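See structure below.
On a predicted model such as this, the values are computed, not experimentally measured, just so you know.
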Amino acid sequence: MADACGQILLGSGLTVLSHPLMYIKVLIQVGHEPLPPSLGRNLFGRQVHQLPGLFAYAKHIIQIDGKAGLFNGLVPRLCAGSIGTIVHSKVLQKCQEQGTPQVLGGQQKAVEGSLQHVVNETTKEMIARSCATVVTHPFHVITLRCMVQFIGRETKYSGVFDSIVTVYREDGILGFFAGLIPRLLGDVLSLWICNLLAHLINTYAIDDSMSHTGEIKNCSQAVTGFFASMLTYPFVLVSNLMAVNNCGLAGGLPPYASVYPTWVDCWRHLSREGNMSRGNSLFFRKLPAGKMYAIDQKRFF
């Protein structure tokens, strides 16, 4: 219990610090571009037209809502983080106690560091993460909708309990799980890609006789984690868009945004438009090729 409380406190602190970054990222993901492109320089010093980055976007929000405006949606996100930590810890503990079916090697106990051990441990982690994601997704939906209100200056989602009532009244139970499937798929794929790649690197590219082997393996885990998150980013983008799609907010309705019947339709539309990585970078943002900036709607077409 003490470990869980420590994780909750640490996670809450990191959530507060990172919230403005997530807020800006979400607004960019839904296509909101309040500031027109400007002439700047890329990493090679060449003059290019760029979209405003993190700091310019943050300054714009502060000018409208003040510094407190950077923390819209923080309370439901903190709720999601705290509940998710508890659920993940309890489910993982249960999996460790009961064990999971030996995916490889029959009933023989897996040797630590072997492929069988990696698969079994990843399976347990997948179950724990999936349970935490399903339980906390309603708070994730509320968080995103609180953020997207900035676009149309609405106050529809003003508190956790009021927002729960609003979602249930307008969308029913299924409204709390909008965008859940692509989010789950992205989490599961990212976890397996990260762990299996790290295992391959640690097994075939790193010699145990090398000095600082432990640090090198930790570094490889971080690198593979970053690579996996890059590969599965489209799932995150589609999930966030579906969570706010057709929810009654200006940022999720025509003419500002298209209405998607399913997340697959959203995926196909983003793929056709070449927007599968929209919001992935908050710095050196490239101007979309062939797009026109609409001043009245503050987005690209």
Side-chain angles (χ1 to χ4, degrees), residues 1-12 14-15 76-144 173-174 176-203 217-218 220-240 242-243 263-264:
M1 188 65 183
D3 291 340
C5 290
Q7 290 178 6
I8 290 173
L9 289 175
L10 178 60
S12 297
L14 294 175
T15 297
R77 190 180 173 207
L78 286 173
C79 292
S82 300
I83 296 173
T85 299
I86 295 173
V87 172
H88 179 274
S89 176
K90 294 295 182 182
V91 174
L92 188 60
Q93 181 181 359
K94 204 72 174 177
C95 288
Q96 297 288 0
E97 291 174 354
Q98 295 184 352
T100 54
Q102 300 296 319
V103 181
L104 299 172
Q107 298 299 321
Q108 187 178 2
K109 186 176 180 181
V111 178
E112 187 172 355
S114 66
L115 177 59
Q116 178 186 335
H117 181 265
V118 171
V119 170
N120 292 336
E121 292 302 311
T122 304
T123 301
K124 296 173 186 177
E125 178 67 20
M126 177 186 68
I127 294 172
R129 283 196 192 185
S130 297
C131 290
T133 298
V134 172
V135 171
T136 61
H137 194 74
F139 294 100
H140 181 68
V141 170
I142 293 172
T143 297
L144 295 176
I173 294 295
L174 292 179
F176 292 107
F177 300 97
L180 175 62
I181 294 177
R183 187 182 178 200
L184 275 176
L185 288 174
D187 285 347
V188 170
L189 286 174
S190 178
L191 176 64
W192 281 98
I193 292 172
C194 173
N195 287 2
L196 291 179
L197 276 180
H199 171 72
L200 291 175
I201 293 174
N202 293 339
T203 302
K217 289 185 176 181
N218 289 335
S220 70
Q221 188 78 27
V223 171
T224 55
F226 176 77
F227 178 71
S229 65
M230 292 287 289
L231 286 180
T232 57
Y233 178 78
F235 289 97
V236 177
L237 175 61
V238 171
S239 173
N240 288 350
M242 292 305 298
W263 70 270
V264 177

Gap between atom [atom2] of [Y] and atom [atom1] of [X] - 0.5 Å precision:
X	Y	atom1	atom2	result
C79	H140	SG	NE2	14.5 Å
I127	C95	CD1	SG	4.5 Å
M230	S190	CE	OG	12.0 Å
L144	R77	CG	CZ	10.0 Å
L200	L197	CG	CG	6.0 Å
L78	T15	CG	OG1	6.0 Å

Exercise. For F177, which residues count as a ring pair (Phe, Tyr, Trp, His ring centres under 6.0 Å) partner, sequence neighbours excluded?
Worked result: none
Seminar exercise, completed: So the salt bridge (charged side-chain N to carboxylate O under 4.0 Å, His left out) pairs with at least one residue in residues 126-143 (sequence neighbours excluded) are E125-R129
Exercise. Counting only N and O atoms by type, is there a donor-acceptor contact under 3.5 Å from the side chain of S239 to the main-chain atoms of G179?
Worked result: yes
Exercise. Is it true that a side-chain atom of T232 and a backbone atom of F235 form a donor plus acceptor pair closer than 3.5 Å?
Worked result: no
Sequence neighbours excluded, which residues qualify as side chain to side chain contact (heavy atoms under 4.5 Å, CB included) partners of [X]?
X	result
S229	F226
N195	V118, T122, L191, Q221
V87	I83, V91, C131, A132, V135
V141	H137, R145, A243

Exercise. Do R183 and T133 come within less than 4.5 Å of each other through their side chains, counting heavy atoms only?
Worked result: yes
For this session: Report yes if the side chains of Q98 and K124 come closer than 4.5 Å at any heavy-atom pair, otherwise no.
Result: no
For this session: Decide side chain to side chain contact (heavy atoms under 4.5 Å, CB included) for D187 and S130; before the verdict, give the C-alpha distance in whole Å, the side-chain angles of both, and the deciding distance to 0.1 Å.
Result: CA-CA 8 Å; D187 285 347; S130 297; over 6 Å; no
Problem set entry | Y233, OH: over 12 other non-hydrogen atoms inside 6.0 angstrom | yes
Seminar exercise, completed: Residues S82 and S12: closest non-hydrogen pair is OG-OG, 4.1 Å
For this session: Show your reasoning for whether side chain to side chain contact (heavy atoms under 4.5 Å, CB included) applies to I8 and I86.
Result: CA-CA 8 Å; I8 290 173; I86 295 173; 3.7 Å; yes
For this session: Would you please test L196 and L115 for side chain to side chain contact (heavy atoms under 4.5 Å, CB included) and show each step?
Result: CA-CA 8 Å; L196 291 179; L115 177 59; 4.1 Å; yes
